[in-house]
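The structure appears below as structure tokens.
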Protein chains: 2
Amino acid sequence: MKQMQIYAFDMNCVSHINHGMWTHPRDTSLQYTDLDYWVDFARTAERGKLDGIFLADVVGVYDVYKGSAAPVIETGAQIPVNDPLMPISAMAYATRHLGFGVTANTTYEAPYLLARRMSTLDHLTKGRIGWNIVTGYLDSAARAMGFEKLPEHDARYDAAEEYLEILYKLWEGSWDDDAVLADRARAIFADASKVRAVRHNGTYYKMEGIHLAQPSPQRTPLLFQAGSSARGQDFAARHAECVFIATPNPQAARPIVGALRCKAEAFGRGANALRVLGLITIVVGRSEKEARDKLEDYRRHASVEASLAHYSASTGVDFSKYSLDEPIEQRSTNANQSALAAITKEASKPVTLRGIIDQMVLGSRMRPIVGSAEQVADRLAEWVSDAGVDGFNLARTVAPESLRDFVDLVVPVLQERRLFKADYAEGPLRQKLFGGRGRLPSSHPAAAFRT
Amino acid sequence: MKQMQIYAFDMNCVSHINHGMWTHPRDTSLQYTDLDYWVDFARTAERGKLDGIFLADVVGVYDVYKGSAAPVIETGAQIPVNDPLMPISAMAYATRHLGFGVTANTTYEAPYLLARRMSTLDHLTKGRIGWNIVTGYLDSAARAMGFEKLPEHDARYDAAEEYLEILYKLWEGSWDDDAVLADRARAIFADASKVRAVRHNGTYYKMEGIHLAQPSPQRTPLLFQAGSSARGQDFAARHAECVFIATPNPQAARPIVGALRCKAEAFGRGANALRVLGLITIVVGRSEKEARDKLEDYRRHASVEASLAHYSASTGVDFSKYSLDEPIEQRSTNANQSALAAITKEASKPVTLRGIIDQMVLGSRMRPIVGSAEQVADRLAEWVSDAGVDGFNLARTVAPESLRDFVDLVVPVLQERRLFKADYAEGPLRQKLFGGRGRLPSSHPAAAFRT
């Protein structure tokens, strides 16, 4: 069986996925403003040989539920949310192999500046940076950024295609590999004939300039994406190297994984071009009983209110407008075209608020995997074979306890079963995951912009 | 005599101010892509009790000289140039008191995102972040950012005034001091009635949104500025707390310092509201002879070509078009309205290319202070009394040697003479410099946006 890839999922905020856990007496996520918190997190992940940490980000605030931001402000649900790029260099300095998947938004970040930011991080981390490409889905963000309203869902992806083209030109085409000479004796830093301005004149963007950064270990950072709509899946299959999916169980994941791989092959990238990571929550103990006791302890802190506010924003549906047993109709919104469709499609009976709340065991819609290390390892192996995923993105519960538990209890079992690597491979993040030299393969669309 | 404030000036690039020094065999600035380089830099600065490091940044490339970017690419003169914010958290993790003045551009960075980035850094550094406000002056940057051309000089400042108003609203007005409760027992993170959306509807910007970050130690980061035009000086006197000036000698600095303090007083901020820092280069040895020998060694590596290319971009004048002894007329450009005026005004005879080149001892237009530690201390004390500055921004020559020399040789002499602090004060950066609690005083324009 192939070895799993495992990332620790987090966000530069108090309450990320499993809402309310910050109120647990052992939880430390109120310290998210301290570098010690982040360095400890990174060191724990590297101690467990995790492939990386994956930092989500959302520009804007969830104000769909009850038509107000108050529920998320009161529960700390992804607000406040600090910039995910800022703690990276401290974590990189404290680790040697750990990868960093960080989220940045194409709708709001200027492409020329984001290109440099990512190149800078790729240099400073010695090729350990990944970029999770998001296009945004919140009206609150659009207003804060000075737009009248959020661009339409598909237009966001059209613009993102152009955005990526600019970035590929800058990362792959502006500086040749042998442009930098750093020749002290002849006092020549670089051969100017091997550095060129890139030009773009498109529907959404135009620009002309040389990339401000010299080639970094990976040039283009490892590309992550999490699009779940049909358009989002196309985008992911064309561009992404790691795709992050969120489904309630492996059965629901399987067709998505299949579609992604199929599309990647259709784009000429090969079926092996994608690593698909499933979002999971784990509660593990030294015995099944200890795990179940821990779950009971944790769940007393879960916040249904925060979870509903989060889910309302994800789907664009204000769940506060429904009574507990009223059927919730399926529909498409500009926020996330598939999130609500996915649950209503899966459901064998009409979806109701009561049904949604019943799912929210730990303050999210995700049912946790609970058990001893061996039981958790069994479930992860099942996930891989049933869903066809390549690995996992671990949502935190009580931090840093949940990551420490995973590293101390589950990782050794996975390693013993050879389901997880005993040690890191050398080289940049992309090389660790895909072999090669750390650069994008020639089958990736970015390769067209090399000179 | 008052104590000096001293910053180490640098940029995330190979060749910053004194061009060509990277070719010296002992120089390590080619390693600017390594975190070790930056952490070592920060630790050295903190060992010397320096108030902070000050990181310049330029978006764009210098292509005025010879109508081409080739001269700066060949000499590594501020190109490549990596993002200055990315190494901050690693440096902050390795130090405890050192301040970080970092440059970000109001013309190109989205205000809502920059506000969050700075707040995040202020949190992670525990209140040690400063922002050097620049508006940009390069056409190459405007084209790379998708503008037809650079906005006019004064319009850039008008837009920057609005930009600051948005940031002040977000930093000072969006979250009350007592908004965050972090109350685990009641499961209330924040009191939503004490968090409010800010609104701006101006000529250049409009937006509506709550600040994404909870209040950081300083709220508004310590504000740096370096405007040298009349409009730039007005802006600095209104907003800045530390102003960075670049003049060839203390006599040229004096009227600028006087004008700045006078304007700050006229704006109701008091004469003590500004710390003015002069840009200087120091070559120090254990004896005068050792310093002079070091200067001779260094100057063999100076790049006149890089320095002319840099100076052409600063002034908007292509010096390659002049023969050595042809008079260079004074004129105003859209780049920097005063840079050329300053040198032509000072000059007693017509300015020529030969005269400019003769000034470029170490690859910049700045004549270095050269001598033993005692002699350097004498000169610094003279600078303070003749120019009325509060301290200095130290340009590097051969790195890290020039900073280490300053810390090991000059700092102890300054401390002995009580011209420099023996140790850091406690608290956030603003508190260290101005006393108080680290927040802006009520006389600052940002205070108007508090609730």
Side-chain angles (χ1 to χ4, degrees), chain A residues 12 14-15 20 22-23 25 30 33-35 39 59-61 69-70 73-76 79-83 85-90 92-94 108-110 112-113 116-117 119-121 123-124 140 143-146 182 184 187-190 192 195 205-210 212-214 303, chain B residues 12 14-15 20 22-23 25 30 33-35 39 59-61 69-70 73-76 79-83 85-90 92-94 108-110 112-113 116-117 119-121 123-124 140 143-146 182 184 187-190 192 195 205-210 212-214 303:
Chain A
N12 199 343
V14 170
S15 192
W22 69 268
T23 65
L30 287 170
T33 54
D34 283 4
L35 279 173
V39 168
V59 174
V61 63
I73 293 170
E74 282 162 9
T75 56
I79 187 74
V81 54
N82 280 350
D83 190 296
L85 272 64
M86 296 302 118
I88 300 293
S89 71
Y93 190 71
Y108 304 131
E109 298 280 356
Y112 194 61
L113 299 179
R116 177 171 76 144
R117 225 162 249 148
S119 293
T120 303
L121 285 175
H123 277 298
L124 294 177
S140 66
R143 288 194 304 273
M145 293 297 298
R184 293 178 200 247
I188 301 179
F189 176 74
V195 181
Y205 299 100
K206 65 172 181 173
M207 59 80 64
E208 176 193 333
I210 71 167
L212 295 174
Q214 68 185 84
S303 171
Chain B
N12 199 341
V14 171
S15 193
W22 69 270
T23 65
L30 287 169
T33 54
D34 285 4
L35 279 173
V39 169
V59 174
V61 62
I73 293 170
E74 283 162 8
T75 56
I79 186 74
V81 54
N82 280 351
D83 190 296
L85 273 64
M86 296 302 118
I88 299 294
S89 71
Y93 190 70
Y108 303 131
E109 299 278 356
Y112 194 61
L113 299 179
R116 179 172 73 146
R117 225 162 249 146
S119 293
T120 303
L121 285 175
H123 277 298
L124 295 177
S140 65
R143 289 193 305 273
M145 294 296 298
R184 294 179 200 247
I188 301 178
F189 176 73
V195 180
Y205 300 99
K206 64 171 181 176
M207 60 80 65
E208 176 192 333
I210 71 166
L212 296 174
Q214 68 186 83
S303 171

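Residue numbers begin at 1 in each chain, while the letters A, B, ... track the order of the sequences.
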Quick one: CG on B/N12 to NE2 on A/H123, what's the gap to the nearest 0.5 Å? 9.0 Å
Treating A/T120 as the side-chain partner and B/N82 as the backbone partner, does any N or O pair qualify as donor plus acceptor under 3.5 Å? no
Engaged part of A/V14 at the chain B interface, taking heavy atoms whose separation is under 4.5 Å: side chain
Where is the tightest heavy-atom contact between B/A182 and A/W22, given as atom of each residue plus distance? C-CZ3, 4.0 Å
For A/G209 and B/A144, which heavy atoms make the closest approach, and how far apart are they? CA-CB, 4.3 Å
Can you tell me how far CE of A/M145 sits from NZ of B/K206, rounded to the nearest 0.5 angstrom? 13.5 Å
Check side chain to side chain donor-acceptor pair (under 3.5 Å) between A/D83 and all other residues, then give those that pass, not counting sequence neighbours. B/R117
So what's closer than 4.5 Å to chain A heavy atoms on B/L30: side chain, backbone, both or neither? side chain
Contact winner vs chain A - B/I79, B/T75, B/V195, B/I88, heavy-atom pairs under 4.5 Å: B/I79
Spacing of A/L124 atom CG and B/D34 atom CG [to the nearest 0.5 Å]: 8.0 Å
Please identify, among B/A190, B/G76, B/G146, the residue contributing the most non-hydrogen atom pairs under 4.5 Å to chain A. B/A190
Measuring only between side-chain heavy atoms, which start at C-beta, is A/I210 closer than 4.5 Å to B/I73? yes
So, the side chain of A/S89 versus the backbone of B/A90: is there a donor-acceptor pair under 3.5 Å, distance only? yes
Under 4.5 Å from a heavy atom of chain B, the part of A/S119 involved: neither
So which part of A/A92 gets closer than 4.5 Å to some heavy atom of chain B, the side chain, the backbone, both or neither? both
Contacting region of A/I188 [heavy-atom separation from chain B under 4.5 Å]: both
Under the criterion side-chain contact (heavy atoms from CB on, under 4.5 Å), which of B/S303, B/P80, B/S15 is the partner of A/F189? B/P80
Relative to chain A, which of B/Q214, B/R184, B/R143, B/M207 shows the most heavy atom pairs under 4.5 Å? B/R184
With a 4.5 Å heavy-atom cut-off, do A/L85 and B/M86 have their side chains touching? yes
Below 4.5 Å, heavy-atom pairs only: which of B/V61, B/L121, B/V59, B/L35 has the largest tally toward chain A? B/L35
